[in-house]
Structure formats: structure tokens, C-alpha cells
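Take a look at the structure set out below.
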Amino acid sequence: MRLSHYFLPILRDDPKEAEIVSHRLMLRAGMIRQSAAGIYSWLPLGLRVLRKIEQIIREEQDRAGAIELLMPTLQSAELWRQSGRYDAYGPEMLRLKDRHDRDLLYGPTNEELITQIFRDATSSYRDLPRILYHIQWKFRDEIRPRFGVMRGREFLMKDAYSFDLTPEAARHSYNKMFVAYLRTFHRMGLKSIPMAAETGPIGGEMSHEFIILAKTGESRVFCHKALLELTPPDENIDYDSDLGPVIAPWTSQYAATEEIHNAAEFAKQVPEEQQIEARGIEVGHIFNFGTKYTKAMNCAIQGPDGSLITPQGGSYGIGVSRLVGAIIEASHDDNGIIWPKAVAPFDIGMINLKSGDAQTDSACEQLYSQLRSAGFEVLYDDTRERAGAKFKTMDLIGLPWQIVIGPRGLKDGAVELRERATGKAEMIPLEGVIARLREPEPGLGKL
RNA sequence: CGGGGCAUGGCGCAGUCUGGUAGCGCACCUGGUUUGGGACCAGGGGGUCGCAAGUUCGAAUCUUGCUGCCCCGACCA
């Protein structure tokens with residue numbers, strides 16, 4: 001993409017409404033614009049990140065055997081009356097009426113709807129287990145939206161729902177999602193820590209929040225240091241095998257959010273030098289809630305012996321739009337965002353230091369086209385800005401690699417390759433750029 | 001919802017106390033000089049001063065009502 005043809009409204013100054021760093025940087029980097037309190041438009045750069053995150057989530061859900069569908073944003077109140085949540089949910093739920101004066105709501109979650117869909121389409125035990133998911137916009141009318149996309153009212157969420165015949169089978173579905181979440185967040189360059197959690201209004205007995213540590217996190221969390229060193233299973237993990245032992249390293253160590261933290265237990269279970277007390281951002285939440293919704297929604301399945309079985313349910317959320325902010329909270333410096341490679345809006349930012357100079361232009365054009373043919377996503381700054389301004393912009397938007405091309409280096413046929421995360425720069429021959437970019441990252445195993 | 005604050009061009013702000021018809025920096029446009037970490041000079045364009053009613057010869061400025069947004073708290077993916 002040529003910057004001269006792109007839509008990237010950079011702000012040089014901090015907008016005063018943005019308090020925390022991710023919100024500030026997203027506004028300044030031209031990723032989002034606010035439309036109303038807690039409601040945002042996603043500009044091209046932000047959208048690209050959102051899509052990358054979505055895609056990683058999708059791949060890992062699919063790998064774990066979940067099946068994608070898409071439910072609407074608007075739901076009928078009638079459905080929610082069946083589960084009893086229409087009245088229980090409170091003012092957080094946005095309620096509206098259509099022209100026939102029928103009650104509708106903008107979905108804050110989808111347990112009722114998915115249960116209805118599943119119920120109406122399934123009658124045999126042979127059709128279980130299933131995990132269905134979708135990635136859709138939700139609305140919760142928060143009392144006080146804040147922190148940009150981290151706590152918006154409208155937000156993009158992946159939510160999955162499992163249906164199983166027995167509690168044991170439901171436990172297995174839960175474990176599948178547990179593993180999928182470990183892998184998902186790891187692929188995004190995040191260290192996520194599953195923590196025992198309260199179940200809240202969704203209900204149920206078993207629940208984990210997936211927390212990433214960040215100074216600006218909204219809640220205090222406590223855990224064993226060893227949890228930070230664990231690596232998730234690789235892509236060859238067999239999701240049909242017993243996953244209990246696989247997740248044991250995570251579930252056997254103390255890890256709790258503030259709400260259920262028990263200081264005495266913490267002290268007893270974790271040696272002082274291994275204790276971590278930090279702030280965290282919740283990016284995922286998994287629940288197992290038994291028959292809460294299937295029962296309320298009259299969902300029954302015929303078993304092998306002809307008897308009716310009420311399926312066991314679970315739901316599994318990931319805050320997709322929140323993750324964009326969370327990743328920035330976890331990965332930035334004074335100059336701007338530092339995108340993990342897997343979610344960066346572009347792989348490479350190419351800076352033409354002397355647009356209009358025939359030699360520099362042609363070297364840039366040549367490399368730009370080669371990089372794209374090689375499969376890289378490149379944002380090419382071909383504008384007439386001065387060098388300094390271009391550097392500042394590139395640092396702000398945080399693309400993993402910067403390629404700096406100017407007459408000085410071209411004299412020797414070289415360009416500068418700079419890694420945003422480390423600031424390390426090296427001069428390499430024009431022809432060597434692609435080979436250099438393809439070198440495997442040290443320490444990054446195959447996931 | 002309780003407490004605090006803000007609303008003036010795309011962004012950041014001054015002007016409001018003491019009414020006289022809107023200004024600064026950045027950004028933008030034109031020309032010139034510049035050009036490896038947010039250049040300089042000159043000339044320009046752009047604002048129903050959040051909305052409504054009122055006071056007044058005259059309102060960004062005073063009065064009343066409303067709306068939007070931000071921060072702290074309780075609540076939450």
C-alpha cells in the first residue's frame with residue numbers, strides 16, 4: 001500500500017479524551033475514531049489489526065474442532081424471556097422496539113439464541129458433542145465506558161458454545177477451549193495466564209479468565225511466577241486426546257484475580273520469591289455452566305436408549321476488539337506501538353527518504369514490488385514528507401520492520417533494515433532484503 | 001448513578017471574570033529555500049464559539065434550561 005494513496009489520519013498531538021496509552025496511540029495512529037461514548041469507527045489501519053486477530057482466533061477455534069456460524073446482533077425479547085434473563089439482565093442490555101412495537105434487544109451475548117438454534121436442529125445423541133462459535137459485534141450499555149476499545153459499549157467478540165451429553169464430555173470441551181485459548185493468545189505475542197474466576201451473570205461452576213499482564217491492567221491479579229514460563233502445546237496437539245494432563249501445568253498453580261484472591265492460600269501455596277502480584281487485562285473467559293440454558297430453553301436430546309437428555313453447556317468468549325488495545329498496552333514504547341508480528345497491520349514500513357529523486361524512487365519501486373511478490377504486506381511511504389516526520393510516523397504505527405531507503409545508502413547499493421521492537425538497524429544490500437526477512441526468528445518455535 | 005471537569009477550525013489551546021462581532025501553535029493549500037529523526041520564510045483557505053430560550057443597541061462572554069464528552073468510584077468480555 002502506498003501511503004500517498006492510503007487513509008491514515010495521524011494525530012501529532014494527544015487528544016485530551018484519551019487517558020491510557022492504548023487509547024491514545026490508537027487515536028494518534030489513525031486506527032479508530034470515536035463515534036459516541038464507547039462506540040468507535042475502525043479506520044483502515046485499525047481494521048487490519050482487528051482482522052488479523054480475528055483470523056488467528058478463527059484458525060485456533062477451527063483447529064480445536066469448533067464450527068463457525070454467524071448470529072445476528074438484534075435478538076427478540078421473547079427468546080430472552082424464555083431463559084428468564086430479559087428481566088434479570090438489567091440496564092446493561094440495550095432494549096429497543098421495532099415499528100410493530102415488538103421488543104428487541106441488541107445482543108450482549110448469545111446463549112439463548114444458540115441454544116434455540118441448536119435445540120431446533122438437533123434431536124439425536126449422535127449429533128453431540130458440538131462446539132459452535134461466531135465472531136460478532138455485541139453491545140453492553142456500560143455505566144461508564146472508558147479506556148477506548150478496552151471497555152467500549154459496542155465491542156467485537158468471539159463467543160463459542162459447547163453442547164455435550166455428559167458433564168465429563170463437557171469438561172473435555174472446556175479443556176479444548178482452554179488449550180485453544182493458550183495457543184491463540186500465544187500466537188498474538190501475548191503471555192496469557194488462565195486464572196480461576198468468578199462466574200458472574202453467565203452462571204456455572206467452572207470458569208477461567210485469561211489474563212495478560214500490563215501495567216495499566218484494570219484488575220489486580222496474583223499468580224505463581226512459573227506460569228509466565230509455560231509454553232502452550234504446538235499445533236499438532238490432538239484435541240481428542242485427554243487434555244487434562246496438558247492443561248495441568250496451568251491449573252495446578254495458584255492464579256487468581258482480585259475478586260477471589262485468598263491471601264492466606266497464596267502465601268501457603270507459593271513461595272514468596274515466586275509470587276507475582278501485578279495488574280492484568282482480561283482477554284478471554286471460559287465457563288462451564290451445565291444445563292442452565294438448555295434446561296431453561298427446553299433443549300432435550302434423545303439418547304441411545306430412547307431417554308431424553310438435557311445437554312451440558314459451556315460458553316467461551318474472547319474480546320476481539322479489546323485485544324487490540326490490550327496488545328498495545330502490553331507492547332509499546334515512548335515512540336508508539338510495537339506490533340507483534342502476527343497481528344501487525346503491515347509486515348513492513350518502507351520509507352523513501354527522498355521522494356522525487358529518480359534513483360531513490362526507482363530503488364523503492366523495485367523493492368516494493370519484489371516484497372509484495374514475495375508475500376509481504378508493505379506500507380510504502382512515498383510521500384514528500386521530510387525524513388524525520390516519516391520516521392516518527394513509522395515508529396508511531398509500529399510496523400515490525402522498517403526499511404529505510406535513501407541516496408546515502410544506495411551509493412553502496414544498500415538499504416537500512418530496522419527492527420521496531422529492538423531499534424536494531426543493519427545495512428544490507430538491496431538484493432539481500434527478502435532473504436534477510438525470511439530468516440527464521442531465533443527462539444520462535446513452530447506453534 | 002454519586003463526585004469532579006470540559007465543550008471555541010482536523011488536533012491542542014487562549015479569549016469568558018470586566019459584553020463591542022474570534023485568535024495562537026500544529027495540521028492543510030500556494031510559492032520559494034531546504035532535506036538521514038516531527039525544517040524555515042512569505043502568502044492563503046477553513047469556525048452556526050455544543051443546542052435552545054432569555055437579558056441587551058450588541059452575547060463565545062451574562063441568565064435559565066438542555067445535550068454531548070472526559071476523569072474518579074460502584075459494575076463489566
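Being a predicted model, the structure only gives us computed values, none of them experimental.
- Taking atom P in both B:C69 and B:C51, one finds a spacing of 16 Å when rounded to whole Å.
- Across all strands shown, the partner of B:G2 is B:C72, judged by Watson-Crick or G-U wobble contacts whose two distances both fall under 3.5 Å.
- Look at CG on A:Leu27: it is 13 Å from C1' on B:G10, rounded to the nearest Å.
- The partner of B:C13 is B:G23, judged by Watson-Crick or G-U wobble contacts that both fall below 3.5 Å.
- Here B:C72 presents its P atom at 14 Å from CD of A:Glu17, a figure rounded to the nearest Å.
- Of the residues in residues 34-47 of chain A, those with a non-hydrogen atom less than 4.0 angstrom from any atom of RNA chain B are A:Gln34, A:Ala36, A:Ala37.
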Can you give the donor-acceptor pairs under 3.5 Å from side chains of residues 418-426 of chain A to other protein atoms, not counting sequence neighbours?
{"from": "A:Arg418", "atom 1": "NE", "to": "A:Glu416", "atom 2": "OE2", "distance (Å)": "3.4"}
{"from": "A:Arg418", "atom 1": "NH2", "to": "A:Glu416", "atom 2": "OE2", "distance (Å)": "2.7"}
{"from": "A:Glu419", "atom 1": "OE1", "to": "A:Thr422", "atom 2": "OG1", "distance (Å)": "3.1"}
{"from": "A:Glu419", "atom 1": "OE2", "to": "A:Lys341", "atom 2": "NZ", "distance (Å)": "3.3"}
{"from": "A:Arg420", "atom 1": "NE", "to": "A:Ile337", "atom 2": "O", "distance (Å)": "3.4"}
{"from": "A:Arg420", "atom 1": "NE", "to": "A:Asp395", "atom 2": "O", "distance (Å)": "3.0"}
{"from": "A:Arg420", "atom 1": "NH1", "to": "A:Asp333", "atom 2": "OD2", "distance (Å)": "2.9"}
{"from": "A:Arg420", "atom 1": "NH2", "to": "A:Asp333", "atom 2": "OD1", "distance (Å)": "2.8"}
{"from": "A:Arg420", "atom 1": "NH2", "to": "A:Gly336", "atom 2": "O", "distance (Å)": "3.4"}
{"from": "A:Arg420", "atom 1": "NH2", "to": "A:Ile337", "atom 2": "O", "distance (Å)": "3.3"}
{"from": "A:Arg420", "atom 1": "NH2", "to": "A:Asp395", "atom 2": "O", "distance (Å)": "3.1"}
{"from": "A:Thr422", "atom 1": "OG1", "to": "A:Lys424", "atom 2": "N", "distance (Å)": "3.1"}
{"from": "A:Glu426", "atom 1": "OE1", "to": "A:Arg436", "atom 2": "NE", "distance (Å)": "3.3"}
{"from": "A:Glu426", "atom 1": "OE2", "to": "A:Arg436", "atom 2": "NE", "distance (Å)": "3.1"}
{"from": "A:Glu426", "atom 1": "OE2", "to": "A:Arg436", "atom 2": "NH2", "distance (Å)": "3.0"}

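- With both ends at atom P, the span from B:G68 to B:G15 equals 27 Å, rounded to whole Å.
- The stretch residues 377-398 of chain A touches RNA chain B through A:Glu385, A:Arg386, A:Ala387, A:Gly388, A:Ala389, A:Phe391, A:Lys392, A:Thr393, A:Asp395, each having a heavy atom within less than 4.0 Å of the strand.
- Out of B:C72, B:G38, B:G37, the shortest distance to the side chain of A:Arg418 is found at B:G37.
- Classified by interplanar angle (parallel below 30°, tilted 30° to 60°, perpendicular above 60°), the ring pair A:Tyr368/A:Tyr380 is tilted.
- Across B:G73, B:C76, B:C11, the shortest atom-to-atom separation from the side chain of A:Arg144 is found for B:G73.
- Taking the charged nitrogens against the carboxylate oxygens, A:Arg183 and A:Glu60 do have a contact shorter than 4.0 Å, which makes a salt bridge.
- Each ring-ring contact (aromatic ring centres under 6.0 Å, His included) pair with one or both residues in residues 337-362 of chain A, not counting sequence neighbours, appears once here: A:Tyr6-A:Phe346.
- When the P atom is compared between B:G9 and B:G47, the two are found 11 Å apart, to the nearest whole Å.
- A tilted orientation is assigned to the rings of A:Tyr174 and A:Phe178, their planes being inclined by 30° to 60°.
- Donor-acceptor pairing under 3.5 Å, judged by distance alone, is absent between the side chain of A:Arg12 and the base of B:C26.
- Ring-plane geometry between A:Trp42 and A:Trp137 is classed as tilted, the angle between the planes lying from 30 to 60 degrees on a 0 to 90 degree scale.
- Atom name P, nucleotides B:C1 and B:C40: the rounded distance is 49 Å, in whole Å.
- Shortest non-hydrogen contact noted between A:Ala255 and A:Ile193 is CB-CG2, 4.3 Å.
- Mapping A:Met150 and A:Leu353 onto RNA chain B by nearest heavy atom places A:Leu353 closer to the 5' end of the strand.
- Comparing B:C26 with B:A39, their C1' atoms are spaced 14 Å from each other, to the whole Å.
- Taking the P atom of each, B:G45 and B:G4 are spaced 45 Å apart, rounded to whole Å.
- By the 30° and 60° cut-offs, the orientation of the rings of A:His261 relative to A:Tyr254 is perpendicular.
- Against RNA chain B, the stretch residues 322-340 of chain A makes heavy-atom approaches under 4.0 Å through A:Arg322.
- Here the options are A:Ile405, A:Ile403, A:Asp361, the test is side chain to side chain contact (heavy atoms under 4.5 Å, CB included), and the partner is A:Asn352; only A:Asp361 passes.
- Checking B:G12, B:C76, B:C71 against every side-chain atom of A:Arg146, the shortest atom distance belongs to B:C71.
- Annotation: salt bridge (charged side-chain N to carboxylate O under 4.0 Å, His left out) contacts involving residues 219-233 of chain A, sequence neighbours excluded, comprise A:Arg220-A:Glu258, A:Arg220-A:Glu277.
- Distance, A:Gln402 CD to B:G37 P: 13 Å, rounded to whole Å.
- Rounded to the nearest Å, the gap between the C1' atom of B:C17 and that of B:U63 is 15 Å.
- Of the listed nucleotides (B:G38, B:G36, B:C11), B:C11 has the atom at the smallest distance from the side chain of A:Leu11.
- Within 4.0 Å of A:Val404, counting heavy atoms only, lies at least one base atom of the nucleic acid.
- Of all nucleotides present, only B:G32 satisfies the Watson-Crick or G-U wobble test against B:C40, with each distance under 3.5 Å.
- Taking a cutoff of 4.0 Å between a charged side-chain nitrogen and a carboxylate oxygen, A:Arg151 and A:Glu218 qualify as a salt bridge.
- The two atoms that bring A:His134 and A:Leu70 nearest to each other are CB-CA, 3.9 Å, heavy atoms only.
- Base contact: A:Gly406 has a heavy atom under 4.0 Å from a base atom.
- The aromatic ring centres of A:His208 and A:Phe210 sit 6.0 Å or more apart.
- Using Watson-Crick or G-U wobble geometry with both donor-acceptor distances under 3.5 Å, B:U48 finds no partner in any strand shown.
- Evaluation of atom-type donor-acceptor distances gives a pair under 3.5 Å for the side chain of A:Arg28 against the base of B:G38.
- When rounded to the nearest whole Å, the span between CG of A:Asp13 and P of B:G10 equals 15 Å.
- Taking only side-chain atoms of A:Glu92, from C-beta outward, the nucleotide of B:C76, B:G38, B:A7 with the closest atom is B:C76.
- Across all strands shown, B:G54 is found opposite B:C62 as a Watson-Crick or G-U wobble partner, with both distances under 3.5 Å.
- In a base pair of the Watson-Crick type (N1 to N3 plus N6-O4 or O6-N4) or a G-U wobble (N1-O2 and O6-N3), with each distance short of 3.5 Å, B:A7 is matched with B:U67.
- The residue A:Gly90 sits apart from the nucleic acid: no heavy atom pair falls under 4.0 Å.
- Here the separation of B:G23 from B:G65, taken at their P atoms, is 33 Å to the nearest Å.
- Because its NZ or CZ atom is not both nearer than 6.0 Å to the ring centre of A:Phe139 and within 45° of the ring axis, A:Arg153 does not count as a cation-pi partner of that residue.
- Counting any heavy atom pair closer than 4.0 Å across all strands shown, A:Glu142 reaches a base atom.
- Comparing A:Gly148 and A:Ser321, the nucleotide of RNA chain B nearest to each residue sits closer to the 5' end for A:Gly148.
- The phosphate of B:C76 (OP1 or OP2) has no side-chain N or O of A:Arg140 nearer than 4.0 angstrom.
- Rounded to whole Å, the distance from CD1 on A:Ile143 to C1' on B:C1 is 7 Å.
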